[in-house]
Amino acid sequence: MFLEYSGRVTKAIQDKTGESDPCLVDGGEHGDLASTIAFALAKRERTSPVRIALDLAKDLGARPDLTGIQVSATGPYLNFVFGEGYLRDSIREAVKPGYGTLPAREGRVVIEHTSANPNGPLHVGHIRNTIIGDCLTRAFRKAGYRVETHYYVNDMGRQIAIVAWAVDRYGDGDPGEKGDDRIARAYIAANRDLEGKPEAVSEIDRLMQKVEAGDPEVTKKFRTAVTTCLDGIKKTLLDLGVSHDRFIWESDFVRNGDVGRVLSRIRRLEEYREDETIWLDLSAQGFKKPYILRRSDGTTVYAARDIAYHIWKARNFSRIIDVLGADHKLIGAQLVTTLGILGETTPTIVHFEFVSLPEGSMSTRQGKFVSADALMAEVAARAYDEVTNRRTELGEEPRRAIARAVSIAAIRYDMVKISPEKSMVFDWKEALDFERQSGPYIQYAHARACSILEKAGPFAHAYEFGDPQEIALAKAIARFPAVVERVTVELRPHLLAAYAHELANLFNTFYQHLPVLKSEGRTRESRLTLVSATENTLKEALLTLGIDALGTM
RNA sequence: GGGCUUGUGGCUUAGCCAGGACAUAGCGCCGGGCUUCUAACCCGGAUGCCGGGGGUUCGAAUCCCCCCAGGCCCGCCA
């Protein structure tokens, strides 16, 4: 209901003042919404902002389209207080299944995320990408978009050639072990062996040339190695609660001729340069370095295939979103620029900064990383101890199930709560913390609400909210759809994480101060309605974050 | 060296793009609260020249310039 009310205020201010920007700010203690437009008008009309605010408050307060909204001026500020119908209507909406889902929209969105090279298991850096991408996907779906998610599989780069070469030499390990771990072992060993051995490096080059030319035997080797690794990665993603609609194999764009077609299109651009290599001169667009598309041996580099992939996406989707690490900023900007020159729909790239270990950056090649599997196992073990301490009456299996859900909540929330542009150092202590600013804290508030509702039995909905804790909680619930909207506009899923925490916090305060089951009559019904709305909103928020909304824990 | 980016109480962090009314929350610290709906909880307290310096503005954590510190990028890697 917040979206509707703030929309009405925006229109009324625009209509009354002729300004396009209503200068809306958070009202804080003064109201549900405020406007600083009097400052802007004061300059133009050369009068005091206090006088303008006063006049505006009088005029706006009398407008029929602002019925149910009280307008006042405090100094130069315009304050808007939403009437009691606001909370009633909001909570009436909030108890309905699927609360927060926005009306369906036109067009299809493609979100590419994770896309880690299949040369080893996903580590804690990769899953920052995964979790941001998956939360964005869920938020877009909640906001009414049709979304398809992609994992772009690099199955023909140099690193994969090294993997294929390594598997050829040392085999791919014990089939009882996860494929990504087996491939990592081969990859790490190969990198060690390749050091200072130019003849081995030229073997790798030859493999890449053969794959590009479509040599069936080498292609099969690459595909087998990639599949082995990808099987393990898919298992990890599944454990994290993430699934991709499609895995797009890079080599497909070479085999189906798209890459060749891209190169001939690019040949006609004025930025086109060809010496022993093929590259684009984007210096007019501010790029000092050449954007190389084809090596001197005739094989294409990643960039060429990426352009082909993105043109394909542009033809099939109305909006393209890529979640990429900050190390891809330059190449990403070059890609966007090139697609722009070609007149294709350009992707919006969401960059996130690196996750490092206290001892330095992670490296698959050197085997220096904390794998997502290890993280999940450790956190789940810790969660299991916690559940066992609290719920002695529960059997083994239910405790394991709760611990699993709690551990994924802790991991996902820790990753998504930090702004993507902030680099982070992985910290075991923080990862194993289930209190306060954590996923389990929010799950716990939800479980509490479930417990009350279960004990309450059937009740009639009522909407009388007078206590400050009730009002604060109801107002937060009313904002949920606006938060979903904002996440998709700003492409910042951490806003949802912050919102869910705030809501859980307000519910815990309410829970602490106001009895629900022991209250009576209309008060009991209203509070139960509020608990039900909270439960539903927390559930929807958690689901959008990709976290299980447990009924008990 | 050039480009991008981050710098907010002891630590972690929101707010910055779209400048406004006392800068957000968590950890840690100090002090309280479980015969009462799940204490993975709640309440209270201490702690901030918002990296530094200039500027724009009625008003700057937020915009501009310079400087300092960290991260990332600058490959016929991805």
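Numbers restart at 1 for each chain; the letters A, B, ... are given by sequence-line order, proteins then strands. Remember, predicted model here, so these are calculated numbers, not experimental data.
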- For residues 485-493 of chain A, which residues have at least one heavy atom under 4.0 Å from RNA chain B? Glu490(A), Arg492(A)
- Message: Tell me which residues in residues 504-518 of chain A lie within less than 4.0 Å of RNA chain B, going by non-hydrogen atoms.
- Response: Asn505(A), Asn508(A), Thr509(A), Tyr511(A), Gln512(A), His513(A), Leu514(A), Pro515(A), Val516(A), Leu517(A), Lys518(A)
- For His30(A) and A21(B), do the ring centres fall under 5.5 Å apart while the planes stay under 30° apart? yes
Return a table of donor-acceptor pairs under 3.5 angstrom between the side chains of residues 323-339 of chain A and protein atoms on other chains or two or more places apart.
unit_1	atom_1	unit_2	atom_2	d
Thr337(A)	OG1	Ala333(A)	O	2.8
Thr338(A)	OG1	Gln334(A)	O	2.8

Mind checking [X] for me? I need base, sugar-phosphate or nothing, with any heavy atom below 4.0 Å counting as a touch.
X: Asn79(A); value: base
X: Tyr441(A); value: sugar-phosphate
X: Ala42(A); value: nothing

Sequence neighbours excluded, which residues qualify as salt bridge (Lys or Arg N to Asp or Glu O under 4.0 Å) partners of [X]?
X: Arg295(A); result: none
X: Glu271(A); result: none
X: Asp548(A); result: none

- Under the ring-ring contact (aromatic ring centres under 6.0 Å, His included) test, which residues partner Tyr511(A), sequence neighbours left out? none
- Query: Can you pull the salt bridge (Lys or Arg N to Asp or Glu O under 4.0 Å) pairs that have at least one residue in residues 272-281 of chain A, sequence neighbours excluded?
  - Reply: Arg267(A)-Glu274(A), Arg273(A)-Asp281(A)
Side chains of residues 200-212 of chain A: which donor-acceptor partners sit under 3.5 Å, not counting sequence neighbours?
unit_1	atom_1	unit_2	atom_2	d
Ser202(A)	OG	Pro198(A)	O	3.4
Ser202(A)	OG	Glu199(A)	O	2.8
Glu203(A)	OE1	Trp165(A)	NE1	2.8
Asp205(A)	OD1	Arg158(A)	NH1	3.1
Asp205(A)	OD1	Arg158(A)	NH2	2.8
Gln209(A)	NE2	Asp297(A)	OD2	2.9
Glu212(A)	OE1	Thr300(A)	N	3.2
Glu212(A)	OE1	Thr300(A)	OG1	3.3
Glu212(A)	OE2	Thr300(A)	N	3.0
Glu212(A)	OE2	Thr300(A)	OG1	2.8

- Taking the six-membered ring of Tyr499(A), is the NZ or CZ of Arg479(A) close enough (under 6.0 Å from the centre) and on axis enough (within 45°)? no
- Item | Ser296(A) (side chain) and C76(B) (base): donor-acceptor pair under 3.5 Å | yes
Short heteroatom pairs, N/O only, protein and nucleotides 2-8 of chain B, under 3.5 Å:
unit_1	atom_1	unit_2	atom_2	d
G2(B)	O2'	Lys288(A)	NZ	2.7
C4(B)	O2'	Lys329(A)	NZ	3.4
G7(B)	OP1	Lys422(A)	NZ	3.2

Indicate every side-chain donor-acceptor pair of residues 426-436 of chain A with a distance under 3.5 Å to a residue at least two apart or in another chain.
unit_1	atom_1	unit_2	atom_2	d
Asp427(A)	OD1	Lys429(A)	N	3.0
Asp433(A)	OD1	Glu435(A)	N	3.0

Nucleotides 9-12 of chain B: which of its N/O atoms have a protein N/O under 3.5 Å away?
none

